[in-house]
Amino acid sequence: SSSSSSESGSDSEDDRKRRGRKDEIKTRPSRDSDTKRDKSPKRVLRGDREDSPTPARGGEPPAGGDPPPSSAPAEDKPMSKFQQAEMVKKAGGRTGGIYVPPFKLAALQKEMSKMDKASKEFQRLKWEQLRKGINGLVNKINIGNIKELVPELFELNLVRGRGLLARAIMKAQLASPGFTHIYATLVAVLNTKLPENGDLLVKRVIVGFRRAYKRRDKVVATAFAKFIAHLVNHQVLHELAALQLLTVLLDAPTDDSVEIAVSFTKEVGALLEQLSPRGLHAIFERFRGILHEAGGIDKRVQYSIEGLFAVRKGGFKEFPSVPPELDLVERSDQITFEYGLDDADLDKQEMLDVFKVDKDYEQNERMWKKIRAEILGESDDSGSESSDDGDSGSDESDEGEEDESKWEGPSGVVGQAAQGGADIMDLTEQDLINLRRKIYLTIMSSAGFEECAHKLAKLEIPPGHEMELCNMLIECCSQERTYLRYYGLLGQRFSLMDRRWADTFDKAFEEQYAMIHRLETNKLRNVSKFFAHLLVTDALPWTCLEYIHLNEEETTSSSRIFIKILMQEVSESVGIVKLKQRFNDPYMAEVFAGLFPRDNPRNTRFAINYWTSIGLGALTDGLRQWLKEAPKRLMAQQLELAKRKEALKRERADGYGSDSSSSSSSSSSSSS
């Protein structure tokens, strides 16, 4: 009986399974019905289907026997995790999300306000909104609306989304390289307020160029090179990076690398001509060498190099460094990054592009609001709350302003000066002492002359104080045991940077030569070699030699040693032949008249003996010829003087005879 009951039980179970499968097949909708239902306009959200009861397999009721939910309104129900996930998917995704009607968007925002701000879903929604906002503003920017869109961009949390911002700008620039100057201007404006964003973008652009150059991807490398050029034009990136990039491209020239170098030089040439003319000259010499190499590159590339020389001849007028309508940042406010192409520690920080849950989300948002208020000049939250308190709060603020206006500083000095309209003059020269200290510390702490020149240029020495830098540079050079070429290169860089520095060094030469007798022999040697370097490199105009008068009365032993070392250094660097040609230039004869005096034979003999004693007697050929012809010239002058005296006597005698004849005729007429 037990076996029969078990068999009957198994049969009944098999029958139930078969019946359940048949019912399932009958109740399962077909694929056509699914597609039709999906295409129908009345689409049911997945969240609604998830909450609605579904029949269990085989037509059985749901597990647990829970009754179906009542038809309560949806807004009273707590939102499930599935609904939150669906909301995130609708808000955005890889393709930017799907279209959500306004009424559904309002419902989503209402549900979003009920979410916990520390939850992952809420932060993801905010992240997607931030990404869409950054992408939208970056894609809309142009020359006409950049001033209006930059404040809107600062409304977004650019500290949290600095990775998204850098990615959006680079993606937009790669898509449209013709707008690179606009994106570079945007980066320059953001860099003045948020240097972390500019630093991240510069690193990513450099790494992107290196990667594209290694992969021989010409399109991407050209776009990134153009971006680097405009970042250099806006002084976001140092100009040494531009020279380094050109050196890399022209080291082993190919058709593609030369084309990239030509386009890059056109973009950045106007700035390099101002900041680094010697470096730009070296680059063009390399272009000229490539152009003269037979069979090195294609004809088309050779024509592009010739066009570059034509652009340079025109002064890069067609390629200005910064267009006037995009010159939105003062150079003094800009922050410049000194990165090189060979820096191995450039971190792209790619994890900033990926969403992460922030445990201190609310605190970081409050901090960003304070930063945004400081950038945009808005009033903080405390000010807005105090303004809502009523008339009493405004009265108190007015009283506070009156109290502040009544404060006259310590001992009332500031208030009295402001009321009387008098300017307070600082006679302690503390600012001048601080400037000298900064210059000295910068010179002594720099690793190379280029770094030192860049740091000193950023000090923005006010007009009228250029002599402080020149004197400090000469003083530091004189204090060394032996002459260091570091100081000469530094003086050369400043003299070639601006005309005012060359004029200042010219004045410094005059002062140093006038006080040369105060220096010791070692200091005198270093100073003379310093000025010799400036003369050899044409950083100092040769007209400074007009301050030297080589004769026995106007020179001392120290000044003669100074002239000796100076001229020997110049002749070793330039050569005695070129030096002689320079001194024999008729255009500069008046300038060098003091070195080669011809006013007096005594001074001429002194100069000939001096130049011969220091080993530069070849320069005195003209003086020797002049001294040899001096007696003949003197005799001719004496004869000319004698002739003039005789002519003068004749004129006087003729005048006396005419006067006597006229007087006799007048007397005879009166007697008659």
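Please read all numbers here as calculations on a predicted model, not as lab measurements.
Between Glu325 atom CD and Ile182 atom CD1 the span is 9.0 Å, to the nearest 0.5 Å. From Leu130, atom CG reaches atom CG of Leu158 across 7.5 Å, with rounding to the nearest 0.5 Å. Rounded to the nearest 0.5 Å, atoms NZ (Lys218) and OG1 (Thr254) are 9.0 Å apart. Rounded to the nearest 0.5 angstrom, Arg437 CZ and Asn434 CG are separated by 5.0 Å. Here the CG-CD1 distance, from Asp342 to Ile206, works out to 10.0 Å after rounding to the nearest 0.5 Å. To the nearest 0.5 Å, atom CZ of residue Arg366 and atom CD1 of residue Ile371 are 13.5 Å apart.
Here the side chain of Asn197 pairs no donor or acceptor atom with the backbone of Ala166 at under 3.5 angstrom. Judged purely by atom type and a 3.5 angstrom limit, Ser446 has no side-chain atom pairing as donor or acceptor with the backbone of Ile443. Between the side chain of Asp358 and the backbone N or O of Asp360 there is at least one donor-acceptor pair closer than 3.5 Å. Arg162 places no side-chain N or O within donor-acceptor distance of the main-chain N or O of Leu200, the cut-off being under 3.5 Å. Although no hydrogens or angles enter the test, the distance criterion places no donor-acceptor pair under 3.5 Å between the side chain of Asn135 and the main chain of Lys132.
One finds a salt bridge joining Arg372 and Glu155 here, because a Lys/Arg side-chain nitrogen approaches an Asp/Glu carboxylate oxygen to under 4.0 Å. For Asp199 and Lys203, the salt-bridge test passes: some basic side-chain N is under 4.0 Å from an acidic carboxylate O.
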Do Leu469 and Trp501 pass the side chain to side chain contact (heavy atoms under 4.5 Å, CB included) test, and can you show the C-alpha distance, the side-chain angles, and the key distance before you say yes or no? CA-CA 10 Å; Leu469 187 144; Trp501 292 109; 4.0 Å; yes
Yes or no on side chain to side chain contact (heavy atoms under 4.5 Å, CB included) for Ile141 and Phe179, after CA distance, side-chain angles and deciding distance? CA-CA 9 Å; Ile141 200 165; Phe179 293 91; over 6 Å; no
Could you go through Glu330 and Asp333, starting from their C-alpha distance and side-chain angles, then the distance that decides it, and tell me whether this counts as side chain to side chain contact (heavy atoms under 4.5 Å, CB included)? CA-CA 5 Å; Glu330 295 290 339; Asp333 298 336; 3.7 Å; yes
Between Gln492 and Arg278, is the side chain to side chain contact (heavy atoms under 4.5 Å, CB included) condition met? List the steps. CA-CA 10 Å; Gln492 174 189 351; Arg278 305 283 289 185; 3.9 Å; yes
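Between the side chains of Glu365 and Asn157, at least one donor N or O sits under 3.5 Å from an acceptor N or O. There is no side-chain donor-acceptor pair under 3.5 Å between Glu475 and Asn471.
Within the 4.5 Å cutoff, no side-chain heavy atoms of Leu272 are placed close to those of Pro277. Residues Glu239 and Thr336 have side chains not in contact (no heavy-atom distance under 4.5 Å, counting atoms from C-beta outward). Between Leu308 and Phe284 there is a side-chain heavy-atom pair separated by less than 4.5 Å. Residues Phe287 and Val262 form a side-chain contact, since some pair of their non-hydrogen atoms from C-beta on lies under 4.5 Å apart. Using a 4.5 Å cut-off on side-chain heavy atoms (C-beta onward), Phe449 and Phe494 make no contact. Residues Ile305 and Phe309 are in side-chain contact: their nearest non-hydrogen atoms beyond the backbone lie under 4.5 Å apart. Contact annotation: the side chain of Thr222 never approaches that of Phe264 to less than 4.5 Å [non-hydrogen atoms, C-beta and beyond]. By the 4.5 Å heavy-atom criterion applied to side chains, Tyr183 and Ser176 are counted as neighbours.
Lys438 NZ: 12 or fewer foreign heavy atoms inside a 6.0 Å radius. Around the CD atom of Glu318, the shell of radius 6.0 Å holds no more than 12 heavy atoms that belong to other residues, nucleotides or ligands. More than 12 heavy atoms of other residues, nucleotides or ligands lie within 6.0 Å of CE in Met467, so this atom counts as buried by the packing criterion.
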Enumerate donor-acceptor pairs with a distance under 3.5 Å from any side-chain N or O in residues 452-465 to protein atoms, sequence neighbours excluded.
residue : atom : partner : partner atom : Å
His454  : ND1  : His238  : NE2          : 2.8
His454  : NE2  : Glu338  : OE2          : 2.8
Lys455  : NZ   : Glu451  : OE2          : 2.7

Which donor-acceptor pairs under 3.5 Å do the side chains of residues 184-194 make with protein atoms, sequence neighbours left out?
residue : atom : partner : partner atom : Å
Thr185  : OG1  : His181  : O            : 2.7
Thr185  : OG1  : His234  : NE2          : 3.2
Asn191  : ND2  : Gln334  : OE1          : 2.8
Asn191  : ND2  : Ile335  : O            : 2.7
Thr192  : OG1  : Val189  : O            : 2.6

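Tested against Asp353, the residues Arg160, Lys171, Lys348, Arg204 include a single salt bridge (Lys or Arg N to Asp or Glu O under 4.0 Å) partner, Arg204.
Ala221 and Ala212 make their closest contact through N-CB, 3.7 Å (heavy atoms, listed as atom of the first residue, atom of the second, distance). Residues Thr180 and Phe227 come closest through the heavy atom pair CG2-CA, 3.6 Å. Scanning both residues, Val220 and Asp217, for their nearest heavy atoms gives CG2-OD2, 3.1 Å. Residues Val322 and Arg331 come closest through the heavy atom pair CG2-NH2, 3.9 Å. Nearest approach of Leu540 to Ala502, heavy atoms of both residues: CD1-O, 4.1 Å. Contact record, Ile134 with Ala168: CG2-CB, 4.0 Å, taken as the closest heavy-atom pair.
Both cation-pi conditions hold for Arg216 and Tyr213: the charged atom is under 6.0 angstrom from the six-membered ring centre and inside a 45 degree cone around its axis.
Residues in residues 314-340 take part in no ring pair (Phe, Tyr, Trp, His ring centres under 6.0 Å) pair, two or more places apart or across chains.
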